[in-house]
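Please read the structure below before turning to the comments.
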Amino acid sequence: MATIVWGACTAHTAAMNRLPPGTDPAQADRVFAAFKHLQSTLVAARPDALVVVGTDHFMTFNYDAVPTFAIGTGDAFQSWGEASSPDRRFRGHDPLSIELVEGLVTADFDVLRVDEMRIDHAFATPLGFILGTADLPVVPIYVNCTTTPLPSHARCRAFGQALGGVLRTQDAADRVAVLGTGGLSHWIGVPRTGDINENFDQDFLNRFVVGDVSGLVALDSDWVIEEAGNGAAEIRNWIIASEAIRPRGRTQLAYEPVRSWKTGIGLVELTP
């Protein structure tokens, strides 16, 4: 039996890397301090691999083929390095990836297996901050948060529960860490790009920190996108990670509505 030893959920944006004009240094420092804390606790947890639940912004997948769920297999994952995000080749953990694919298919989730899947800033940006120069193997799990039809919040909850079950019963990695990344409120490529709904973000974080996943799952997907932007569809990744980890503790490390980054930035540590 394997153990989930570390968990977190964070927002992601390539703007964190390039610090566009107008960035408030104090806000940025608070966000970076929260990432630094996660880096230190990840090192202390001594995982054998880090499973990352994220999405893609039409870099790896496009309208020709959009899976609902996909898992990167193989020994390495090259990032796209777009928009000043880390241009880096992340080491993979192929045995764990394969066990996740097989286990989730057995659990009736038709996941797509993608060998050495390219990853964009949804993965590379938080990994750059949390891993630093460490060479910890990662397993990227893609969730469609961009193109309709989107998986329902309830389906994502079930996926997270199944993922947690497979992680605990697989024998490829004894100690596993889990990161969910996405959101919070932001609009992408639409007239409202740059808006941030702080009320939505605060309500979401308040529910998430007290473990009200049922309340978050019950949120209407169309309402979330209307209220908090098409980028807020990425709360699916927080739901999945939370349900996989089943944390006994949740600590909000930061929330910043960073206008120059066009995103509500939240970071929460999950204690398995």
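Only this structure's heavy atoms are used, side chains among them; waters, hydrogens and symmetry mates stay out.
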Trp80 versus Thr60, side-chain donor and acceptor atoms under 3.5 Å:
yes

Can a side-chain donor-acceptor contact be found between Asn237 and Thr55 if the only test is distance below 3.5 angstrom? no

**Q.** Test side-chain hydrogen bond (donor to acceptor under 3.5 Å, both in side chains) applied to Asn17 and Thr125, step by step
**A.** CA-CA 7 Å; Asn17 302 102; Thr125 291; 3.0 Å; yes

Would you say the side-chain atoms of Arg250 and Ser242 include a donor-acceptor pair closer than 3.5 Å? yes

- Determine whether Leu270 and Val5 fall in the same hydrophobic cluster, where Ile, Leu, Val, Met, Phe, Trp and Tyr are linked whenever their side-chain heavy atoms lie under 4.5 Å apart. no

### Task
May I ask you to check whether Ser185 and Asp201 show a side-chain donor-acceptor distance below 3.5 Å?
yes

| So, Ser97 versus Thr73: side-chain donor-acceptor pair below 3.5 Å or not? | no

**Study point:** Check against side chain to side chain contact (heavy atoms under 4.5 Å, CB included), Thr147 and Phe58
**Key:** CA-CA 10 Å; Thr147 305; Phe58 294 100; 3.4 Å; yes

**Asked** Is any NZ, NE, NH1 or NH2 atom of the basic residue among Arg91 and Asp135 found under 4.0 Å from an Asp or Glu carboxylate oxygen of the other?
**Response** yes

Hey, are the side chains of Ile225 and Leu150 touching, using non-hydrogen atoms and a 4.5 Å cut-off?
yes

Here the pair of heavy atoms bringing Val209 nearest to Gln252 is CG2-CB, 4.0 Å

(message) Can you confirm whether Trp6 sits close enough to Leu50 that some side-chain heavy atom of one is under 4.5 Å from a side-chain heavy atom of the other?
(response) yes

**Check: Val178 and Leu167 side chains under 4.5 Å, non-hydrogen atoms** = yes

Output for pair (Lys262 NZ, Ile196 CD1), nearest 0.5 Å, gives 9.5 Å

Checklist entry - Going by the angle between their ring planes, with limits at 30° and 60°, are Phe208 and Trp238 parallel, tilted or perpendicular? => result perpendicular

In terms of heavy-atom contacts, Ala2 and Ala173 come closest through CB-O, 3.3 Å

Residues Ala14 and Ala83: closest non-hydrogen pair is CB-O, 3.4 Å

query: Do Val52 and Val176 sit in the same hydrophobic cluster, where Ile, Leu, Val, Met, Phe, Trp and Tyr count as joined when their side-chain heavy atoms come under 4.5 Å apart?
result: no

| field | Phe77 six-ring centre to Arg118 NZ/CZ under 6.0 Å and within 45° of normal | value | no

* **Exceeds 12 heavy-atom contacts within 6.0 angstrom, atom CD of Glu226** => no

Looking only at heavy atoms, the pair that brings Ala254 and Ala34 closest together is CB-CB, 3.9 Å

**Q.** Donor-acceptor side-chain pairing of Arg18 and Ser85 below 3.5 angstrom
**A.** no

### Query
Given Leu112 and Val101, is the side chain to side chain contact (heavy atoms under 4.5 Å, CB included) satisfied, shown in steps?
CA-CA 8 Å; Leu112 180 68; Val101 172; over 6 Å; no

Closest non-hydrogen atoms of Asp108 and Arg155, given as atom of the first, atom of the second and distance, are O-NH2, 3.3 Å

Point to revise | Residues Arg113 and Glu99 bridged, charged N to O under 4.0 Å | key: no

Is Arg89 salt-bridged to Glu116, cutoff N-O under 4.0 Å?
yes

Heavy-atom side-chain proximity of Arg168 to Arg246 below 4.5 angstrom | yes

Any chance the rings of Phe159 and Phe109 have centres within less than 6.0 Å?
yes

Hey, are Asp87 and Gln78 close enough side-chain-wise for a donor-acceptor pair under 3.5 Å?
yes

From the list Ile141, Asp110, Leu163, Val143, side-chain contact (heavy atoms from CB on, under 4.5 Å) partner of Phe69 resolves to Val143

ask   = Do His12 and Thr181 have side-chain atoms, one donor and one acceptor, less than 3.5 Å apart?
value = yes

Rounded to the nearest 0.5 Å, the CG atom of Leu38 sits from the NZ atom of Lys36 at a distance of 11.5 Å

Practice prompt. Please test Gln39 against Phe129 for side chain to side chain contact (heavy atoms under 4.5 Å, CB included), starting from the C-alpha separation and ending with a verdict.
Written response: CA-CA 7 Å; Gln39 184 184 71; Phe129 284 108; over 6 Å; no

Next item on the list: Check the pair Ile235, Val224 against side chain to side chain contact (heavy atoms under 4.5 Å, CB included), reporting the backbone distance first and the verdict last.
Entry: CA-CA 9 Å; Ile235 64 170; Val224 169; 4.2 Å; yes

Scanning both residues in full, the closest heavy-atom pair of Glu102 with Thr106 reads O-OG1, 2.8 Å

Distance col, row Cys9:SG vs Leu184:CG, nearest 0.5 angstrom, shows 10.0 Å

Tell me whether the count of non-hydrogen atoms from other residues, nucleotides or ligands lying under 6.0 Å of CZ in Arg46 goes above 12. no

